[in-house]
Amino acid sequence: MKVVVKLSGTVFDGTDAEQKLRELASMFDEFINKGNRLAVVVGGGKRSRELIELGRRLGASEDVLDEIGIDLTRINAKVLIAGIKASYPKVITDLREAEVAWNLGKIPVAGGLSPGHSTNAVAALLAEHLKADLFINSTKAGGVFDKDPRTDPSAKLLEKVYVNDLKRMIKGSFEAGTYELLDEVSIGIIERSKIKTVVTGTGLSEVKKALYGERAGSMIVFERI
Ligand code: UTP
């Protein structure tokens, strides 16, 4: 299997970050050792949101705020690289570099690439470029719901979601630090290359299930269901 995993930046935030990252790193090593291929993209988490907000209050423009976010995601990537034995040692800063690492049998780890989108879009681009069989988007949200689970307790997880329905659900916030679940850029890439995509949670067991093809979270489908 050839898989791209996007890890939410929240895995770097809590007091349990060390434990979480150790477990994720060894799961990634094990996956690679079984003959699979893997690339990982990490988000910026709380630190990026806080510093973006600080920069915004000081008057920075949106592109500069995006750059601040990218820098933070790359710091997170550096931290994760330290824990993965099979990782490519440098943080990936362009798609072709990821391809080189991938062809060497190493795990390329990236954060952000360029202003104007989220690390979800980076992960979608990597999945497209590397012709991955699967893109796993591990998010705080845990999947795609029929209603907003933060405000409506009756919200149900959708096992499958039609890409056009998903587009309608995404309100489309384009300010730095505020990209939701999957931004429109990511959905556009997923759709144009029909990338098999699963949106799941940040728990180790959910990511593991998704990696090994078990049902976890929501699958994006390209035909109306
Ligand atoms: P993310 O929004 O992807 O990380 O990147 P996050 O906030 O941790 O989100 P989740 O939890 O992983 O989903 C942080 C910020 O960095 C900038 C954006 O401003 C983004 O909000 N960024 C990231 C870019 O401008 N370009 C990129 O390629 C990646």
Side-chain angles (χ1 to χ4, degrees), residues 1-8 11 21 23-43 73-74 76-77 80-81 83-113 117-139 143-144 159-161 163 166 181-183 185-223:
M1 278 287 277
K2 299 190 286 182
V3 183
V4 173
V5 174
K6 156 70 205 300
L7 281 183
S8 164
V11 299
L21 291 169
E23 289 172 353
L24 285 164
S26 61
M27 181 175 72
F28 294 153
D29 276 323
E30 194 185 321
F31 187 69
I32 278 279
N33 291 338
K34 286 185 171 148
N36 299 297
R37 284 193 175 188
L38 179 68
V40 180
V41 180
V42 300
T73 63
R74 288 181 175 167
N76 284 345
L80 179 65
I81 285 172
I84 303 178
K85 290 194 184 70
S87 61
Y88 186 70
K90 272 183 80 237
V91 175
I92 296 299
T93 53
D94 73 73
L95 298 174
R96 278 167 198 80
E97 195 186 6
E99 189 183 342
V100 171
W102 172 274
N103 287 339
L104 288 170
K106 298 285 183 189
I107 301 176
V109 182
L113 291 185
H117 53 74
S118 69
T119 49
N120 292 325
V122 172
L125 280 168
L126 256 187
E128 179 176 71
H129 188 70
L130 299 171
K131 299 187 172 53
D133 306 309
L134 177 64
F135 166 30
I136 300 170
N137 187 25
S138 149
T139 65
V144 184
E159 276 179 22
K160 287 184 179 167
V161 56
V163 67
L166 182 61
L181 191 68
L182 271 171
D183 54 346
V185 180
S186 334
I187 299 179
I189 297 157
I190 290 166
E191 192 181 18
R192 74 180 181 187
S193 290
K194 306 263 181 301
I195 301 166
K196 185 176 172 187
T197 301
V198 170
V199 181
T200 189
T202 55
L204 187 79
S205 66
E206 291 160 288
V207 182
K208 190 166 190 172
K209 274 189 189 162
L211 263 181
Y212 289 97
E214 286 177 49
R215 210 170 64 200
S218 310
M219 167 95 71
I220 299 174
V221 295
F222 303 100
E223 272 162 39

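Side chains included, hydrogens not; waters and symmetry mates left out as well; all remaining heavy atoms used. If you're wondering where the values come from, they're calculated on a predicted model, not measured in any experiment.
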Exercise. Step by step, would you call Val4 with Leu134 a side-chain contact (heavy atoms from CB on, under 4.5 Å)?
Worked result: CA-CA 6 Å; Val4 173; Leu134 177 64; over 6 Å; no
Problem set entry | Side chain proximity check, Asp133 to Val3, heavy atoms < 4.5 angstrom | no
Seminar exercise, completed: Val198 and Met219 have their tightest heavy-atom pair at CG2-SD, 4.1 Å
Problem set entry | Any side-chain heavy-atom pair of Thr200 and Thr139 under 4.5 Å | no
Exercise. At their closest point, which heavy atom of Val42 faces which heavy atom of Thr73, and how far apart are they?
Worked result: CG2-O, 3.5 Å
Exercise. Can you find a heavy atom in the side chain of Val144 that is under 4.5 Å from one in the side chain of Ile220?
Worked result: no
Exercise. Would you say the side-chain atoms of Ser87 pair up with the backbone N or O of Ile84, donor to acceptor, closer than 3.5 Å?
Worked result: yes
Exercise. Would you say the side chains of Ser26 and Glu30 form a donor-acceptor pair under 3.5 Å?
Worked result: no
Problem set entry | Sub-4.5 Å side-chain heavy-atom contact between Leu166 and Ile187 | yes
Problem set entry | Greater than 12 external heavy atoms within 6.0 Å of Arg96's CZ | no
Problem set entry | Point-to-point distance, once rounded to the nearest 0.5 Å, from CD1 of Ile189 to OG1 of Thr197 | 10.5 Å
Exercise. Can you check whether Phe135 reaches Leu130 side chain to side chain, under 4.5 Å on heavy atoms?
Worked result: no
Exercise. Counting only heavy atoms not in Lys2, do more than 12 sit closer than 6.0 Å to its NZ atom?
Worked result: yes
Problem set entry | Lys208 bridged to Glu214 by N-O distance under 4.0 Å | no
For this session: Please step through side-chain contact (heavy atoms from CB on, under 4.5 Å) for the pair Leu211 and Ile136, ending with a clear verdict.
Result: CA-CA 8 Å; Leu211 263 181; Ile136 300 170; 4.0 Å; yes
Exercise. Checking Arg37 side chain against Ile32 main chain: does a donor-acceptor pair fall under 3.5 Å?
Worked result: no
Exercise. For Met27 and Leu204, what are the C-alpha separation, side-chain angles and deciding distance, and is it a side-chain contact (heavy atoms from CB on, under 4.5 Å)?
Worked result: CA-CA 8 Å; Met27 181 175 72; Leu204 187 79; 3.9 Å; yes
Problem set entry | Audit row: Thr202, Glu206, side chain to side chain donor-acceptor pair (under 3.5 Å) steps and yes/no | CA-CA 7 Å; Thr202 55; Glu206 291 160 288; 5.5 Å; no
For this session: Establish, for the pair Lys194 and Phe222, whether the NZ or CZ atom is under 6.0 angstrom from the six-membered ring centre and no further than 45 degrees off its axis.
Result: yes
Exercise. When you measure from the side chain of Asn76 to the backbone N and O of Gly111, does any donor-acceptor pair fall under 3.5 Å?
Worked result: no
Exercise. Does a side chain donor of either Thr119 or Lys6 reach within less than 3.5 Å of an acceptor in the other side chain?
Worked result: yes
Problem set entry | Under 3.5 Å: donor-acceptor pair, side chain of Ser118, backbone of Asn120 | yes
